[in-house]
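Below is one structure, written out as structure tokens, with a few remarks after it.
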Amino acid sequence: MKFKKLVLTGAAGRLGSYLREPLSQMCEEFVSSDIVDTLSNLAPNETYVKADLTKLDEIVALLEGADMVVHFGAIGDEAPMDELWGPNFYGAYTVWEAAYRNKVRRVVYASSIHAVGMHKKSDFIGIDAPHRPDTFYGLAKCFAEDLASLYWDKRGVESVCMRILSCAQVSNPRAVGSWLSYDDLIHLVKRAIDTPITGFSVVYGVSNNDRAPVDNSKAQHLGYRPKDNAEKYAEEIYKEYGALDPQDPSNTCHGGPFASVELGNSGVAFLNLNPEDTAKS
Ligand SMILES: NC(=O)c1ccc[n+]([C@@H]2O[C@H](COP(=O)([O-])OP(=O)(O)OC[C@H]3O[C@@H](n4cnc5c(N)ncnc54)[C@H](O)[C@@H]3O)[C@@H](O)[C@H]2O)c1
């Protein structure tokens with residue numbers, strides 16, 4: 001199915017940079033957006049529009065004529081509320097409100113496991129687990145998911161909230177369960193776009209890992225069937241890290257280090273991310 005126009009926010013970011021090319025192939029007109037000045041390697045049907053998520057007029061103009069918006073722009077880590085308030089909270093409002101004003105059919109949203117990060121991994125939560133954020137960052141994801149629910153119930157804007165677990169190379173024991181490969185991310189976003197009817201949907205963004213700690217069985221209608229499996233990294237990673245403290249929330253809760261950091265302090269700093277995990281272009 002070819003759409004007329006798709007818009008991607010956060011296009012200069014790490015995940016956005018992996019989505020640009022596949023999304024450009026799904027539509028006639030593809031608009032990448034971010035707050036940076038320029039973006040290189042544009043596809044033939046791609047234009048770049050600089051827009052600030054905290055400016056409603058800019059986001060309303062950005063979404064004009066769009067079939068759907070894929071919303072990945074945000075601050076991607078825990079930070080003080082002052083820093084998150086604009087891009088992650090109000091910036092979510094501007095996207096859903098602009099979608100409504102422009103009659104955009106659907107918002108495909110990069111939510112996060114951190115919306116439910118204080119749940120225990122042993123609870124094997126489903127998509128209907130109550131919100132239980134681990135940080136202000138996770139609270140912003142809860143807020144955006146509730147906006148998505150509200151704009152569906154009251155204004156008919158569809159949403160797919162993809163609670164991504166961790167989309168980066170497997171570099172710590174948590175990621176053996178939580179890994180979402182870049183290929184599976186692309187597959188997930190494609191399905192969130194091309195499923196004809198989604199209403200308000202939630203799905204976990206996780207690969208087909210033997211030790212995936214979440215249950216997507218109530219999101220079958222999206223047809224998301226991940227292929228990659230982090231089990232191939234398990235032996236090496238577990239050997240490297242040795243015994244883990246079974247009382248430490250960063251080992252027992254879905255949020256990993258976000259479950260144990262002080263509010264306002266970075267969680268990403270404790271993820272031991274591989275330096276190769278940078279934006280694609
Ligand atoms: N990387 C992961 O594993 C992961 C996990 C769960 C959720 N997510 C979510 O996925 C999305 C993308 O994550 P990422 O890892 O690519 O992060 P990233 O920081 O690399 O990309 C985010 C982009 O948003 C842009 N942005 C920030 N403030 C903006 C503003 N005011 N106006 C316009 N653009 C703005 C940034 O410039 C950046 O390019 C985020 O919403 C993040 O919360 C990521």
Side-chain angles (χ1 to χ4, degrees), residues 7-20 31-39 48-59 61-63 69-79 82-95 98 107-117 133-145 148 160-172 174-175 178-182 184-186 188-189 192 202-207 214 230 254-258 266-268 271-274 277-281:
V7 176
L8 171 68
T9 71
R14 187 155 61 80
L15 305 194
S17 70
Y18 282 88
L19 294 172
R20 284 172 50 203
V31 177
S32 280
S33 180
D34 204 290
I35 204 168
V36 301
D37 286 335
T38 54
L39 213 54
Y48 176 68
V49 175
K50 179 180 175 180
D52 184 343
L53 287 162
T54 67
K55 306 265 170 60
L56 180 60
D57 57 338
E58 293 184 16
I59 304 305
L62 177 70
L63 298 196
V69 54
V70 179
H71 177 36
F72 273 62
I75 290 172
D77 191 6
E78 172 64 343
D82 294 1
E83 289 173 35
L84 295 176
W85 181 250
N88 293 28
F89 286 84
Y90 187 67
Y93 165 73
T94 65
V95 169
V107 181
V108 173
Y109 175 55
S111 186
S112 166
I113 188 69
H114 299 294
V116 288
D134 51 30
T135 42
F136 293 137
Y137 168 80
L139 184 67
K141 298 299 185 189
C142 297
F143 172 76
E145 288 192 1
V160 179
C161 296
M162 305 171 299
R163 287 185 189 155
I164 298 167
L165 276 73
S166 60
C167 191
Q169 291 177 46
V170 180
S171 58
N172 57 63
R174 171 175 175 262
S178 65
W179 185 49
L180 173 65
S181 72
Y182 292 117
D184 285 334
L185 168 73
I186 292 165
L188 173 60
V189 173
V202 174
V203 59
Y204 288 106
V206 65
S207 280
V214 288
H254 283 283
F258 282 63
S266 171
V268 168
L271 286 175
N272 185 29
L273 286 187
N274 192 316
D277 274 309
T278 52
K280 196 176 169 209
S281 57

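In this text the structure is predicted, and so the values were computed from the model without any measurement. Atoms within a ligand are numbered from 1 in the order they appear, just like the ligands themselves.
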**Request:** Check ligand 1 against G73 and write out every atom of the ligand that is under 4.0 Å from a heavy-atom position of the residue.
**Result:** 24 (O)
**Asked** Where does the angle between the aromatic ring planes of F89 and F143 fall among parallel (under 30°), tilted (30 to 60°) and perpendicular (over 60°)?
**Response** tilted
**Prompt:** Going by atom types alone, do Y182 and R14 pair a side-chain donor with an acceptor below 3.5 Å?
**Reply:** yes
**Prompt:** If you take all heavy atoms of L39 and S32, which pair is closest and at what distance?
**Reply:** CD2-CB, 3.7 Å
**Asked** Can you tell me the protein heavy atom closest to atom 8 (N) of ligand 1 and the distance?
**Response** Y137 OH, 3.7 Å
**Request:** Determine, for K50 against D37, whether the closest basic-nitrogen to carboxylate-oxygen distance falls under 4.0 angstrom.
**Result:** yes
**Request:** Determine whether any heavy atom of K141 lies closer than 4.0 Å to an atom of ligand 1.
**Result:** yes
**Item:** For atom 44 (C) of ligand 1, the option (of L62, L39, L15) bearing the nearest heavy atom
**Value:** L15
**Item:** Nearest-contact summary for atom 28 (N) of ligand 1 - protein heavy atom, Å
**Value:** P87 CB, 3.9 Å
**Smallest separation among heavy atoms of P87 and I75, with atom names** = CG-CD1, 3.8 Å
**Prompt:** Can you say whether the rings of F258 and Y137 are parallel (under 30°), tilted (30 to 60°) or perpendicular (over 60°)?
**Reply:** tilted
**Asked** Which protein non-hydrogen atom lies closest to atom 37 (O) of ligand 1, naming both residue and atom, and how far is it?
**Response** D34 OD1, 2.6 Å
**Request:** Mark up the atoms of ligand 1 that fall under 4.0 Å of a heavy atom belonging to A12, in ascending order.
**Result:** 39 (O)
**Asked** Do any nitrogen or oxygen atoms of G13 lie less than 3.5 angstrom from nitrogen or oxygen atoms of ligand 1?
**Response** yes
**Test item: protein heavy atom less than 4.0 Å from atom 17 (O) of ligand 1** = no
**Request:** For ligand 1, find out whether one of its N or O atoms is nearer than 3.5 Å to an N or O atom of A74.
**Result:** yes
**Complete:** Minimal heavy-atom distance between I164 and L185, with the atoms involved, is CD1-CD1, 4.2 Å
**Message:** Please list the nearest protein heavy atom to atom 1 (N) of ligand 1 with its residue and the distance rounded to 0.1 Å.
**Reply:** R14 NH2, 3.1 Å
**Message:** Give me the atom names and distance for the closest heavy-atom approach of G255 to D134.
**Reply:** CA-OD2, 3.2 Å
**Item:** No-hydrogen, no-angle side-chain donor-acceptor test under 3.5 Å, T135 and H114
**Value:** no
**For G10, the ligand 1 atoms whose distance to one of its heavy atoms is below 4.0 Å** = 23 (C), 24 (O)
**Asked** Please state which protein non-hydrogen atom is closest to atom 29 (C) of ligand 1 and give its distance, to 0.1 Å?
**Response** L53 CD1, 4.1 Å
**Asked** Under 4.0 Å from any heavy atom of S166, which atoms of ligand 1 are there?
**Response** 3 (O)
**Asked** atom 11 (C) of ligand 1: which protein heavy atom is closest, and how many Å away?
**Response** F72 O, 3.2 Å
**Among A110, S111, G76, closest by any non-hydrogen atom to atom 7 (C) of ligand 1** = S111
**Min side-chain heavy-atom separation L180-L165 under 4.5 Å** = no
**Request:** Among all protein heavy atoms, pick out the one at the shortest distance from atom 31 (N) of ligand 1; state its residue, atom name and that distance to 0.1 Å.
**Result:** D52 OD1, 3.0 Å
**Asked** For atom 34 (N) of ligand 1, what is the nearest protein heavy atom, given as residue, atom name and distance?
**Response** I35 N, 3.6 Å
**Message:** With a cutoff of 4.0 Å, is A51 in contact with ligand 1, counting heavy atoms of the residue only?
**Reply:** yes
**Complete:** Per-atom filter on ligand 1: closer than 4.0 angstrom to a heavy atom of S112 are 6 (C), 7 (C)
**W179 side chain near V206 side chain, heavy-atom distance below 4.5 Å** = no
**Prompt:** Between I35 and L53, is any pair of side-chain heavy atoms under 4.5 Å apart?
**Reply:** no
**Prompt:** Can you find an N or O of T54 that's nearer than 3.5 Å to an N or O of ligand 1?
**Reply:** no
**Request:** Please indicate whether any nitrogen or oxygen in L165 is less than 3.5 Å from any nitrogen or oxygen in ligand 1.
**Result:** no
**Message:** Whether the E145 and S111 side chains hold a donor-acceptor pair (N or O, under 3.5 Å, no angle test) is what I'd like checked.
**Reply:** yes
**Per-atom contacts of ligand 1 with C167, taking only distances under 4.0 Å to non-hydrogen atoms** = 1 (N), 2 (C), 3 (O)
**Asked** What about I164: any of its N or O atoms under 3.5 Å from an N or O on ligand 1?
**Response** no
**Prompt:** Which atoms form the tightest heavy-atom contact between K141 and S112, and what is the distance?
**Reply:** CG-CB, 3.8 Å
